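Contents: one structure, followed by commentary.
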Amino acid sequence: MTEIQKVYEPQAVEEKWYSFWLAENCFAGNPARVSAKRPAYSIVIPPPNVTGVLTLGHVLNNTIQDILARKARMDGKEVLWLPGTDHAGIATQTAVEKTLKKQGEIKHRDDLGRERFLEKVWEWKGRYGGIIIQQLKKLGASCDWSRERFTMDPHYNQCVQAVFFDLYKKGLIYRGKRMVNWCPASRTALSDEEVEMKEQKGFLYYFRVEVREKPGTWLTIATTRPETIPGDTALAVNPKDPRYAGLVGLHAVRPLPVEMPLEERLIPIVADEHVDFEFGTGVLKVTPAHDKADFEIGARHQLPVVDVMNQDGTMNVLAGATLAGLDRFVARKKAAEQLTELGVLEKEEPYTNNVGFSERAGVPVEPRLSEQWFLRYPSREKSLECVVNETLRFHPARWAKVYEHWMTGLQDWCISRQLWWGHRIPVWIKTAGPSETAEGWTQRLAAEFPASATELVVRASGQELHAATVHPEVQQKLSAEGWVQDSDVLDTWFSSWLWPFATMGWPENTETLKAFYPTTDLVTGPDIIFFWVARMIMAGYEYMGEMPFKNVYFTGIIRDKQGRKMSKSLGNSPDPLEIIGKFGADALRFGVMRSAPLGQDVIYDEQNVELGRNFCNKLWNACRFRQMQGGDTEGEINPAYLTGDDRWILLRLDQAVQEVSAALADYRFNEAAASLYRFFWSEYCDWYIEASKAALASTDTERRASTVAVIDFVLGHVVRLFHPFLPFITEELWHGLGYSRDLPPDQGGKSIMYAPWPKPFTAEEKAYFGLDDAVDRRSSSKYELVTLGRNLKAQFGMPSNKRVKFILRAAGEIAPIDVEVVRILVNAETLEVVGSGWTTPKGVPSAANAFGELFLPLTGLIDVASERTRLAKELEKIATEVGKVRDKLANPEFAQKVPAKVLAEHEQRLADWLAKEKQVHSALANLPEA
RNA sequence: GGGCGAGUGGCGCAGCGGUUAGCGCAGCUGCCUUACACGCAGUUGGUCGGGGGUUCGAAUCCCUCCUCGCCCACCA
């Protein structure tokens with residue numbers, strides 16, 4: 001540290017080191033360096049939306065990835081953390097469209113047309129596309145930026161097309177007219193996963209219809225959607241329902257549209273198992289065009305399908321003159337009014353039911369019959385199996401169940417979207433003319449383009465011919481011949497699912513793929529387990545023959561203090577960049593990680609970041625303290641000079657190294673952070689540094705040098721252990737303290753990120769430094785006695801800075817250095833050491849433990865009565881505990897059944913309490929008469 | 001309706017068969033003791049959601065109930 005400031009100021013330090021890392025190419029993952037001795041470690045980033053901005057969710061997610069990547073580098077692995085962004089079809093298109101509308105440029109995207117609109121989106125991407133990447137850099141993310149990918153890169157587009165083509169060829173992709181989830185706001189189909197069920201308050205409308213063949217016979221029907229009545233093409237009852245047994249096969253008169261001739265409003269009454277006769281009246285109106293279940297009933301009974309709605313959710317002419325043109329929700333009310341006017345509405349009751357919402361647009365989806373592309377998922381068995389048998393591990397493991405459940409009930413995936421921003425479907429369509437056949441076209445094109453044989457499939461589909469091809473010349477030819485390319489694009493996730501290998505150069509078998517696929521860890525939120533994780537696994541097996549990652553770590557969701565999800569609309573989502581500006585990136589990282597238990601939601605509280613900031617400052621100052629001591633950097637530790645405190649801190653360090661390594665291996669980041677925090681703050685700073693001041697003040701230069709060497713040893717470990725969490729400050733300290741000095745560049749000489757991860761001591765090292773349990777116990781009990789001594793002062797109302805005289809009667813031999821340590825720690829003016837023969841003067845408060853006895857001679861200043869009360873209270877507590885242990889031991893069954901070890905423990909505990917009781921008794925007896 | 005997760009001092013968490021139930025924050029009381037007031041020392045709070053059971057022994061295992069959160073599910 002060139003400049004020693006009292007307070008750590010992160011901004012300049014962060015700038016400096018991030019530029020340094022980039023300039024030195026520290027983040028590059030190089031397949032050529034991978035070997036048996038240097039194994040590969042890889043992560044692909046969950047690509048954020050290209051036009052997105054950093055949220056706390058990203059902070060959590062990417063900090064975890066960065067910790068994993070940095071730890072792996074320190075473990076000597078060749079690390080590739082591959083970054084990039086996602087084109088995010090609907091989200092981006094809607095955002096751009098909205099902005100253009102707001103700016104008054106257009107009313108609808110149709111005003112621009114496909115080409116010009118796409119130009120605008122690319123323009124937008126150019127303007128805002130880099131923001132989130134820059135923000136990730138501020139966080140300290142150690143991605144290999146030279147490999148940044150975008151899901152609409154030309155190469156990536158080729159991958160998507162190739163995969164589409166391949167699946168089409170395999171017959172897994174098909175086109176069909178089916179019920180899909182239609183979003184009237186975005187005017188596109190959605191997959192089932194993009195639909196969110198929400199409770200909706202509405203009404204259940206009861207209306208009646210007359211049976212044509214039995215005038216005077218009326219049936220009452222309950223529905224939540226009266227506006228779809230004009231689309232009803234049947235009534236259905238359960239075949240087992242005795243109430244309606246005689247009516248099946250007859251007809252009812254549909255009330256709407258009113259202007260329609262009665263004969264055209266006759267609909268059959270059919271019997272279908274699907275009808276629940278407990279619900280409503282047991283009579284179901286069947287609207288095949290606007291309900292998935294109804295569609296199926298319709299199919300079973302060959303009912304006509306009458307679509308009464310437009311793409312945008314307004315009613316069309318088939319809904320009748322009154323409803324036509326109205327929005328579906330307005331039409332609902334209007335239809336109810338019409339029923340009232342007709343006198344057939346019996347009642348409306350308030351009713352709450354589940355309605356599917358488009359998760360992007362936030363409006364109810366409309367089940368709608370339309371022509372779409374579907375995918376029957378490939379490689380399903382392997383994908384299910386690998387998670388079930390834990391070849392691919394989920395952390396926490398419970399998500400495996402969720403995955404299993406979904407994989408078991410897999411439905412085909414609707415992959416086409418009626419959008420413009422995305423990968424256009426590589427299929428050309430033509431209405432088949434007379435004598436035109438798929439075979440004919442295949443032969444013709446194959447003759448003209450011999451190389452196209454494996455890149456072209458022509459199929460007949462009803463009246464149409466479909467030519468799927470990834471061959472550019474064939475594509476041109478088809479256009480020239482009057483074929484028209486399908487105007488739909490693919491679901492964004494149809495490109496994202498290729499991410500782990502498409503970003504590494506697939507379909508070529510690149511060096512990168514060979515070295516880094518499958519990736520090691522994937523870090524993502526459980527909310528995209530189906531959207532992304534599951535699909536990547538299937539794509540991985542299908543195209544690489546192997547799983548895409550070995551581990552998936554599912555983060556929690558970031559919530560605010562009140563436990564609410566962070567959201568823009570609630571305004572409870574703080575800007576991470578502002579937080580970084582205020583507290584520093586390390587502070588944010590540490591604050592978030594400390595409060596992020598494995599797989600548990602994270603409550604975000606700025607206080608945690610403040611704590612992180614304070615922690616960095618503490619670390620800074622502890623290193624500053626070291627620097628003020630001068631002396632050689634990382635000198636030799638001479639075992640002959642090690643104090644009890646030195647040995648104790650080395651033992652505790654060893655413990656911390658083990659704890660942190662184990663926690664990180666299990667993805668228990670918060671525990672790793674907590675271990676480090678505790679070790680560094682409570683053990684190293686609060687006890688060791690203070691105790692070491694005795695040795696540092698020593699005139700014995702050897703002793704002093706040895707302690708400085710211990711400090712360097714511990715700090716050198718501490719900064720490395722912290723580096724994955726706090727990359728910036730640790731880099732600064734690593735160089736500032738000169739720990740990088742004698743190391744080769746690839747082992748920490750250049751950057752701490754290549755310094756080896758600390759290892760626990762070997763048995764030999766422990767023996768060499770004389771580290772054993774006895775050392776630990778003795779120092780611990782020394783510190784415990786210090787605490788008791790401090791308590792004495794506090795109890796007698798002495799300010800902690802008041803330097804008084806203490807007397808110590810040690811339980812055994814005591815080294816002179818320890819006397820000085822105790823003196824400093826209790827902040828005594830003098831500490832007089834007396835022998836066991838020393839008699840206690842009357843009225844001197846004392847405290848004792850295994851280490852010895854401390855006396856605080858106050859020469860008559862103490863309040864005898866309150867001291868008596870205090871000791872009496874203490875005795876009371878001891879008596880309770882003694883009682884508890886005695887009762888246990890007295891229980892014959894206890895002695896019989898309990899393991900010997902536990903029995904011994906209890907006996908020891910009793911002895912300890914009794915000893916303590918004796919001490920308190922004598923202290924009490926020692927009080928002067930009142 | 002099914003599945004999952006969580007209920008421990010004011011707040012956030014740890015402990016998951018045997019400890020005097022821990023930790024951090026906040027609170028309170030002293031302190032600017034020359035690394036750090038983004039700090040130091042000391043300290044008040046809980047009997048572990050309710051009930052039942054297993055056990056020599058339960059916050060920890062089992063059963064049941066309650067509360068909260070998430071996911072899945074075509075009852076109109």
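Given the structure is predicted, the values throughout are model-derived calculations rather than measurements. Convention: sequence-line order gives letters A, B, ...; per-chain numbering from 1.
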(request) Tell me, please, which residues at least two apart from A/Asp291 pass side chain to side chain donor-acceptor pair (under 3.5 Å). (result) none
(message) Suppose you measure atom C1' in B/C32 against the same atom in B/A37; what distance do you get, rounded to whole Å?
(response) 7 Å
(request) Write down the distance separating the C1' atoms in B/U60 and B/G18, rounded off to the nearest Å. (result) 11 Å
(message) What is the separation between atom NE2 on A/His395 and atom C1' on B/G5, rounded to the nearest whole Å?
(response) 18 Å
(request) Under the side-chain contact (heavy atoms from CB on, under 4.5 Å) rule, collect the residues that match up with A/Asp241, sequence neighbours excluded. (result) A/Asn238, A/Arg243, A/Tyr244, A/Phe277
(message) Regarding A/Arg225 and A/Glu366, does a basic nitrogen lie under 4.0 Å from an acidic carboxylate oxygen?
(response) yes
(request) Any chance you could list the contact pattern along nucleotides 30-36 of chain B? Use B for base contacts, S for sugar-phosphate-only contacts and - for none, protein heavy atoms under 4.0 Å, 5' to 3'. (result) BSS--BB
(request) Would you please indicate if the ring centroids of A/His906 and A/Phe894 are separated by under 6.0 Å? (result) yes
(message) List the residues meeting ring pair (Phe, Tyr, Trp, His ring centres under 6.0 Å) with A/Phe725, not counting sequence neighbours, and say none if there are none.
(response) none
(message) Rounded to whole Å, how long is the line connecting atom CD of A/Gln607 with atom C1' of B/G10?
(response) 12 Å
(request) Could you pull out all residues at least two apart from A/Lys877 that satisfy side chain to side chain donor-acceptor pair (under 3.5 Å)? (result) none
(message) Parallel, tilted or perpendicular: which one describes the rings of A/Phe615 and A/Phe680, with boundaries at 30° and 60°?
(response) perpendicular
(request) Using atom CD of A/Glu784 as one end and atom C1' of B/G42 as the other, report the distance to the nearest whole Å. (result) 16 Å
(request) Measure the distance from CD on A/Gln11 to C1' on B/C38 and round it to the nearest whole Å. (result) 14 Å
(request) Please check the phosphate of B/C4 (OP1 and OP2 only) for any side-chain N or O of A/Lys401 closer than 4.0 Å. (result) yes
(request) Sticking with atom P, work out how far B/C68 lies from B/C63, rounded to a whole angstrom. (result) 23 Å
(request) Report yes if at least one side-chain N or O of A/Arg613 is closer than 4.0 Å to OP1 or OP2 of B/C38; otherwise report no. (result) no
(message) Measuring only the C1' atom in each nucleotide, how far is B/G42 from B/U47? A whole number of Å is fine.
(response) 25 Å
(request) Give the rounded distance in Å between these two atoms: CG of A/Asn608 and P of B/C11. (result) 16 Å
(message) Base, sugar-phosphate or nothing for A/Thr787? Non-hydrogen atoms, less than 4.0 Å.
(response) sugar-phosphate
(request) Nearest whole angstrom, please: distance from the P of B/G39 to the CZ of A/Phe615. (result) 11 Å
(request) Would you kindly give the CD1-to-P distance between A/Ile729 and B/C38, to the nearest whole Å? (result) 16 Å
(request) Please examine the side chains of A/Lys693 and A/Glu820, heavy atoms only from C-beta on, and report whether any two atoms are closer than 4.5 Å. (result) no
(request) Mind checking side chain to side chain donor-acceptor pair (under 3.5 Å) for A/Thr233 and listing every partner two or more places apart, or none if nothing turns up? (result) none
(message) Please give the distance between the P atoms of B/C11 and B/G49 as a whole number of Å.
(response) 14 Å
(message) Please convert RNA chain B into dot-bracket. A pair counts if it is Watson-Crick or G-U wobble with both distances under 3.5 Å; crossing pairs go in [ ] and bases paired with another strand get |.
(response) ((((((((.[[[[.)..(...]]]].(((((.......))))).....[[[[[..)....]]]]])))))))....
(message) Just the rounded figure in Å: distance from P of B/C13 to CG of A/Asp605.
(response) 11 Å
(message) For the P atoms, the ones on B/G3 and on B/G22, what distance do you get once it is rounded to whole angstrom?
(response) 37 Å
(message) If I pick the P atom on B/G39 and the same atom on B/A73, what distance separates them, to the nearest angstrom?
(response) 49 Å
(request) Using the test salt bridge (Lys or Arg N to Asp or Glu O under 4.0 Å), find all partners of A/Asp276 that sit at least two apart in sequence or belong to another chain. (result) none
(request) Take nucleotides 67-76 of chain B nucleotide by nucleotide from the 5' end and write B, S or -, depending on whether a protein heavy atom sits under 4.0 Å from the base, only from the sugar-phosphate, or from neither. (result) --S--SBBBB
(request) Would you mind calling B/G45 syn or anti? Take O4'-C1'-N9-C4 for purines or O4'-C1'-N1-C2 for pyrimidines, and syn is within 90° of 0. (result) syn
(request) For the residue pair A/Phe722 and A/Phe590, categorise the inter-ring angle as parallel (less than 30°), tilted (30 to 60°) or perpendicular (more than 60°). (result) perpendicular
Side-chain donor-acceptor distances from residues 882-893 of chain A under 3.5 Å, at least two apart:
unit_1   : atom_1 : unit_2   : atom_2 : d
A/Asn891 : OD1    : A/Glu893 : N      : 2.9
A/Glu893 : OE2    : A/Lys897 : NZ     : 3.2

(message) Would you say the rings of A/Tyr688 and A/Tyr783 are close, in the sense that their centroids are separated by under 6.0 Å?
(response) no
(request) Look at A/Glu907 together with A/Arg909 and state whether they make a salt bridge at an N to O cut-off of under 4.0 Å. (result) no
(request) Could you tell me whether the phosphate oxygens of B/G57, OP1 or OP2, come under 4.0 Å of any side-chain nitrogen or oxygen in A/Asn891? (result) no
(request) For B/U33 versus B/C16, give the span between their C1' atoms, rounded off to a whole number of Å. (result) 43 Å
(message) So, using salt bridge (Lys or Arg N to Asp or Glu O under 4.0 Å) as the criterion, who are the partners of A/Glu683 when residues are at least two apart?
(response) A/Arg652, A/Arg678
Sort me out a list of protein N/O and nucleotides 17-24 of chain B N/O pairs below 3.5 Å, or just none if empty.
unit_1 : atom_1 : unit_2   : atom_2 : d
B/U19  : O3'    : A/Arg909 : NE     : 3.4
B/U20  : OP1    : A/Arg909 : NE     : 3.1
B/U20  : OP1    : A/Arg909 : NH1    : 3.1
B/U20  : OP2    : A/Arg909 : NH1    : 2.5
B/U20  : O4'    : A/Glu881 : OE1    : 3.4
B/U20  : O2     : A/Lys877 : NZ     : 3.2
B/G24  : O2'    : A/Arg594 : NH2    : 3.2

